[in-house]
K.L.:
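To start, I am sharing the structure in question, which I have written as structure tokens.
Note that this is a predicted model, so its numbers are computed, not measured.
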Amino acid sequence: MSEAVTSDWGFRTRQRPGSVALQCGLILFAMGAAAFTWDQRLIEGPSDAQLVAVPATLLSIDCELIRSGGTHSSVYGEPVVSFEYRYEGQTYSGDRYHRQRSTPVGSMAECRELVEGLRAQPSVQAWIDPARPEFAVLSKHLRPQAMSWIFMAVGAAFAALGVYRLLRSRGWTRDND
């Protein structure tokens, strides 16, 4: 059922069908879960349901250029904002676009389009935490975490395939239930 394989490092191992799929699946799932957890740690403030909308006045808004590192660097845009709002008779100021600091909204063109759309409005909506009115953002929407979910789904599928193949290699069939 299993055959001896010599690895690149000179070790003799026995590899069962499905063990590689299971290991790759677990690694992919762990990578997705780690990315999801990391993104969740970057979120500041209360949940979306606890944020309250208040009218705000933009003082300044522009796009900051962000370059990703590496050999194939990409250029992104991050809104840099300053705004004022009133809550329960007090005036507050804010400088956050969304709840994940230093997170780009997309390409520079997308950032500029967003900035121009906000500049065209006489008043914008800010989202505040009523328990801490000094915490305010202009967008309560979070960055999509699709890649984390994709990694976890593909990892789970590979792991399930690996478990199935391991069980089949040990003689399990549906008739054994």
K.L.:
Could you state whether Val154 and Ile27 fall into the same hydrophobic cluster, counting links through intermediate Ile, Leu, Val, Met, Phe, Trp or Tyr residues with side-chain heavy atoms under 4.5 angstrom apart?
P.N.:
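Linked, Val154 and Ile27 end up in one cluster.
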K.L.:
Verify the cluster assignment for Val163 and Leu161: are they in a single hydrophobic cluster under the rule of side-chain heavy atoms below 4.5 Å apart?
P.N.:
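Looking at the clustering, Leu161 is in a separate group from Val163.
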K.L.:
Check whether any side-chain N or O of Ser123 sits under 3.5 Å from a backbone N or O of Ala56 as a donor-acceptor pair, and report yes or no.
P.N.:
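Yes: the side chain of Ser123 pairs with the backbone of Ala56.
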K.L.:
Where is the tightest heavy-atom contact between Ala136 and Ile128, given as atom of each residue plus distance?
P.N.:
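Minimum heavy-atom separation between Ala136 and Ile128: CB-CG2, 3.6 Å.
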K.L.:
Ignoring hydrogens, what is the shortest heavy-atom contact between Tyr87 and Pro133? Give both atom names and the distance.
P.N.:
CD2-CB, 3.7 Å
K.L.:
Examine distances only and state if a side-chain atom of Tyr85 and a backbone atom of Gly94 form a donor-acceptor pair shorter than 3.5 Å.
P.N.:
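Between the backbone of Gly94 and the side chain of Tyr85 there is no qualifying donor-acceptor contact (under 3.5 Å).
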K.L.:
To the nearest 0.5 Å, what is the distance between OH on Tyr97 and CG on Leu118?
P.N.:
6.0 Å
K.L.:
In Å, rounded to the nearest 0.5 Å, how long is the span from CG of Asp129 to CG of Leu51?
P.N.:
6.5 Å
K.L.:
Does one side chain, of Glu78 or Tyr76, offer a donor that lies under 3.5 Å from an acceptor on the other?
P.N.:
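No, Tyr76 and Glu78 have no side-chain donor paired with an acceptor closer than 3.5 Å.
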K.L.:
Consider only side-chain heavy atoms of I, L, V, M, F, W and Y, link residues closer than 4.5 Å, and tell whether Val115 and Leu59 are in one cluster.
P.N.:
no
K.L.:
For the atom pair CD (Gln90) and CD (Glu134), what is the distance rounded to the nearest 0.5 Å?
P.N.:
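Going from CD on Gln90 over to CD on Glu134, the span is 9.5 Å.
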K.L.:
At what distance, to the nearest 0.5 angstrom, does CZ of Phe151 lie from CG of Leu28?
P.N.:
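Answer for the CZ-CG pair, Phe151 versus Leu28, is 6.5 Å.
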K.L.:
I need the minimum non-hydrogen distance between Asp95 and Phe83, along with the two atoms involved.
P.N.:
N-CE2, 3.9 Å
K.L.:
Can you give me the closest heavy-atom contact between Cys63 and Arg112, atom names plus distance?
P.N.:
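Closest approach of Cys63 to Arg112, heavy atoms only: SG-N, 3.4 Å.
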K.L.:
Quick one: closest heavy-atom pair of Pro130 and Gln50, and the distance?
P.N.:
CD-O, 3.3 Å
K.L.:
For the residue pair Met108 and Leu65, establish whether any side-chain heavy-atom pair is separated by less than 4.5 Å.
P.N.:
yes
K.L.:
Please check if the side chain of Arg119 supplies one atom and the backbone of Ile61 the other of a donor-acceptor pair under 3.5 Å.
P.N.:
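Between the backbone of Ile61 and the side chain of Arg119 there is a qualifying donor-acceptor contact (under 3.5 Å).
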K.L.:
What is the distance from atom CZ of Arg96 to atom CG of Leu138, rounded to the nearest 0.5 Å?
P.N.:
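One gets 11.0 Å once the value is rounded to the nearest 0.5 Å.
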K.L.:
Which distance, rounded to the nearest 0.5 Å, do you find between the OH of Tyr92 and the CD of Glu84?
P.N.:
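One finds 13.0 Å between OH of Tyr92 and CD of Glu84.
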